[in-house]
Amino acid sequence: PGGRMVKVRPIWGRCAAMTSFLRILPLEKDDIPVVTVWARQEGFAPGLGDLAIYRHTDRQGIWVGWLGNERIGCITGVRYNAAYGFIGLYLVCPPWRGRGYGLELWRHALEHLGDLACVGVEAAPDRSDDYAIWGFQPAAATVRLQLINDGESSCGLDTGGAWQLLEGAAIPQRAVQRFDAEREPSPRPHFLAQWLNHPAGSVLALVDSQGRCHGFGRIRPCLLQQGEGWRIGPLMAETPEAAERLLHGLLCRHRGVVLVDAPSANPLAQVVLEQLGFRQISQTLRMYRGTAPAVSLQDVYGLACLELG
């Protein structure tokens, strides 16, 4: 009830061995632990609490595929506004792959965003040709970098300056919202408010004496395939020096594996991160169908999440 029943068709050039029926239903609270485990097993390194925020961003834009009483896959297709949306968290459980179910999930998400001028996706490099069939064109690589952090080396390194490093409740939320809105394809006040006020992890911002924001970032606990770690994102700053100050603050007291997804559209992002000891471990490709967002990523040093773009 309330879902969409679709007949399975062949997936992107591979013939399905059988015909069946798939129900595609909106993500419910009970689905969140299951989908979180899937994302962890796939190496997505989901942050604690991320899925609940995705669900609140667009309640009609995240789904689970069901066969009978069994969940077998998921996808997001989030509408940010009347012009821009993003597809992510796209996976089918291994036993059900190659049967066309992924294609039905994909079509469902794409149909949800079909009237938008631009739709984005983060593609594995070996799947970019598949997305190109659907009209997606490459924009720039996204690089995932990793640091094994001792939790101490970055502490006490902030030398101060004209901008004060504020944490938590001391951060002027509206100033951060304005800073973010100038650097994103679409203002995202609801998403950002939940992202920055989530109790897991820490948030820092660089603010001047007039209360203007010049950069901000968040570090949150995440689930690795083996064990737990940390993810930094978003990380946005006006200058490389500001990004470095934020990174030192975020890394302090957070020991273990730390991940950052840096857009190659800002070539300084990887430079700053590698200077602090981060090393590249993987890469994806940002692709767009339609007119790509005109907003520059030169001040973006770390993406909030690949699942929502």
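Just so you know, these numbers use all the heavy atoms, side chains as well, and skip hydrogens, waters and symmetry mates.
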S.K.: If I compare all heavy atoms of L166 with all of P172, which pair ends up nearest, and what's the gap?
M.R.: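 Nearest heavy atoms, L166 then P172: CD1-CD, 4.0 Å.
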S.K.: Do you know the tightest heavy-atom contact between P240 and L268?
M.R.: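 Between these two residues, the closest heavy atoms are CG-CD1, 3.6 Å.
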S.K.: Which residue in the set D31, V34, L89, T76 passes side chain to side chain contact (heavy atoms under 4.5 Å, CB included) when paired with L51?
M.R.: L89
S.K.: Check the pair I87 / L113 against side-chain contact (heavy atoms from CB on, under 4.5 Å), numbers first and verdict last.
M.R.: CA-CA 9 Å; I87 295 177; L113 305 178; 3.7 Å; yes
S.K.: Look at the side chain of R23 and the backbone N and O of L67, then say whether any donor-acceptor pair between them is shorter than 3.5 Å.
M.R.: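 Here the side-chain-to-backbone pair does not exist.
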S.K.: Rounded to the nearest 0.5 Å, what's the gap from NE2 on H108 to CG on L22? Could you check?
M.R.: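 Going from NE2 on H108 over to CG on L22, the span is 9.5 Å.
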S.K.: For E122 and T142, which I'm curious about, is there any donor-acceptor pair between the side chains at under 3.5 Å?
M.R.: yes
S.K.: Does the side chain of L259 come within less than 4.5 Å of I281's, by heavy atoms?
M.R.: yes
S.K.: Taking the six-membered ring for Trp, are Y84 and F86 parallel (under 30°), tilted (30 to 60°) or perpendicular (over 60°)?
M.R.: tilted
S.K.: So, taking the atom named NE2 in H254 and the one named CZ in R220, what distance separates them when rounded to the nearest 0.5 Å?
M.R.: 12.0 Å
S.K.: Evaluate the side-chain proximity of P263 to L303: yes if any heavy-atom separation is below 4.5 Å, no if none is.
M.R.: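 Side chain of L303 against side chain of P263, heavy atoms only: contact under 4.5 Å found.
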S.K.: Just jot down the disulfide (SG to SG under 2.5 Å) partners of C252, sequence neighbours excluded, or say none.
M.R.: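 Partners of C252 under the disulfide (SG to SG under 2.5 Å) test: C155.
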S.K.: Testing the basics here: between N266 and L297, what is the closest heavy-atom pair and its distance to 0.1 Å?
M.R.: CB-O, 3.2 Å
S.K.: Does any non-hydrogen side-chain atom of Q137 lie less than 4.5 Å from one of R289?
M.R.: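 With C-beta onward as the side chain, the pair stays apart.
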S.K.: Scan for disulfide (SG to SG under 2.5 Å) pairs involving residues 266-309, sequence neighbours excluded, and state none if there are none.
M.R.: none
S.K.: Under a 4.5 Å cut-off applied to non-hydrogen side-chain atoms, are W106 and Y101 in contact?
M.R.: no
S.K.: Is any side-chain heavy atom of V258 closer than 4.5 Å to one of Q146?
M.R.: no
S.K.: Apply side-chain contact (heavy atoms from CB on, under 4.5 Å) to the pair Y288 and F136, showing each step before the final yes or no.
M.R.: CA-CA 5 Å; Y288 294 108; F136 286 80; 5.5 Å; no
S.K.: Could you check if a side-chain atom of L251 sits within less than 4.5 angstrom of a side-chain atom of L147, using non-hydrogen atoms only?
M.R.: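 Yes, their side chains come closer than 4.5 Å.
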S.K.: Would you find a donor on one side and an acceptor on the other, under 3.5 Å apart, between the side chain of R279 and the backbone of E274?
M.R.: yes
S.K.: How many angstroms lie between atom CZ of R107 and atom CH2 of W134, to the nearest 0.5 angstrom?
M.R.: 4.5 Å
S.K.: Mind checking the OH-CH2 spacing from Y90 to W63? Nearest 0.5 Å is all I need.
M.R.: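 Nearest 0.5 Å value for the OH-CH2 distance: 12.5 Å.
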S.K.: Minimum heavy-atom separation for C118 to A292, with atom names?
M.R.: SG-CA, 4.1 Å
S.K.: Under 4.5 Å between any side-chain heavy atoms of S264 and Q270, yes or no?
M.R.: no
S.K.: Would you confirm whether R286, through its side chain, and G120, through its main-chain N or O, come within 3.5 Å as a donor-acceptor pair?
M.R.: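 No.
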S.K.: Mark yes or no for whether N149, through its side chain, and G256, through its backbone, hold a donor-acceptor pair below 3.5 Å.
M.R.: no
S.K.: Any chain of hydrophobic side-chain contacts (each under 4.5 Å) joining L250 to V257?
M.R.: no
S.K.: Residues in side-chain hydrogen bond (donor to acceptor under 3.5 Å, both in side chains) with T36, at least two apart?
M.R.: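 Partners of T36 by the side-chain hydrogen bond (donor to acceptor under 3.5 Å, both in side chains) criterion come out as none, since no residue qualifies.
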S.K.: So, taking the atom named CG in L247 and the one named CD in Q275, what distance separates them when rounded to the nearest 0.5 Å?
M.R.: 11.0 Å
S.K.: Checking one residue: L48. Which other hydrophobic residues are in its cluster under the side-chain 4.5 Å linking rule?
M.R.: L223
S.K.: Looking at side-chain heavy atoms only, is the closest gap between Q173 and N197 below 4.5 Å?
M.R.: yes
S.K.: Return all side-chain donor-acceptor pairs below 3.5 angstrom for residues 224-237, not counting sequence neighbours, or 'none' if the list is empty.
M.R.:
residue : atom : partner : partner atom : Å
Q225    : NE2  : Q41     : O            : 2.8
W230    : NE1  : R255    : O            : 3.0
R231    : NH1  : F44     : O            : 3.2
R231    : NH1  : A45     : O            : 2.8
R231    : NH2  : D261    : OD2          : 3.1

S.K.: Please assess V203 against H198 for the test side-chain contact (heavy atoms from CB on, under 4.5 Å), listing each intermediate value before the final yes or no.
M.R.: CA-CA 9 Å; V203 178; H198 195 280; over 6 Å; no
S.K.: Applying ring pair (Phe, Tyr, Trp, His ring centres under 6.0 Å), name anything that partners H214, two or more places apart in sequence or on another chain.
M.R.: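 W163.
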S.K.: Considering all heavy atoms of both residues, which atom of S128 and which atom of L285 are nearest to each other, and what is their separation?
M.R.: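 Shortest heavy-atom separation between S128 and L285 comes out as CB-CD2, 3.9 Å.
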S.K.: Could you check D115 against R79 for salt bridge (Lys or Arg N to Asp or Glu O under 4.0 Å), going step by step and ending with a plain yes or no?
M.R.: CA-CA 10 Å; D115 61 328; R79 300 173 68 98; 2.8 Å; yes
S.K.: Does R183 use its side chain to pair, donor to acceptor, with the backbone of F179 at less than 3.5 Å?
M.R.: yes
S.K.: Rounded to the nearest 0.5 Å, how far does CG of L165 lie from NE2 of H248?
M.R.: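 Answer for the NE2-CG pair, H248 versus L165, is 11.0 Å.
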S.K.: If I compare all heavy atoms of L91 with all of E42, which pair ends up nearest, and what's the gap?
M.R.: CD2-CG, 3.9 Å
S.K.: Check the pair L206 / C213 against side-chain contact (heavy atoms from CB on, under 4.5 Å), numbers first and verdict last.
M.R.: CA-CA 6 Å; L206 284 169; C213 177; over 6 Å; no
S.K.: Report yes or no: is the cationic atom of R218 (NZ for Lys, CZ for Arg) under 6.0 Å from the centre of the six-membered ring of F216, at an angle within 45° of the ring normal?
M.R.: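 Relative to the ring axis of F216, which defines the angle, R218 lies outside at least one limit.
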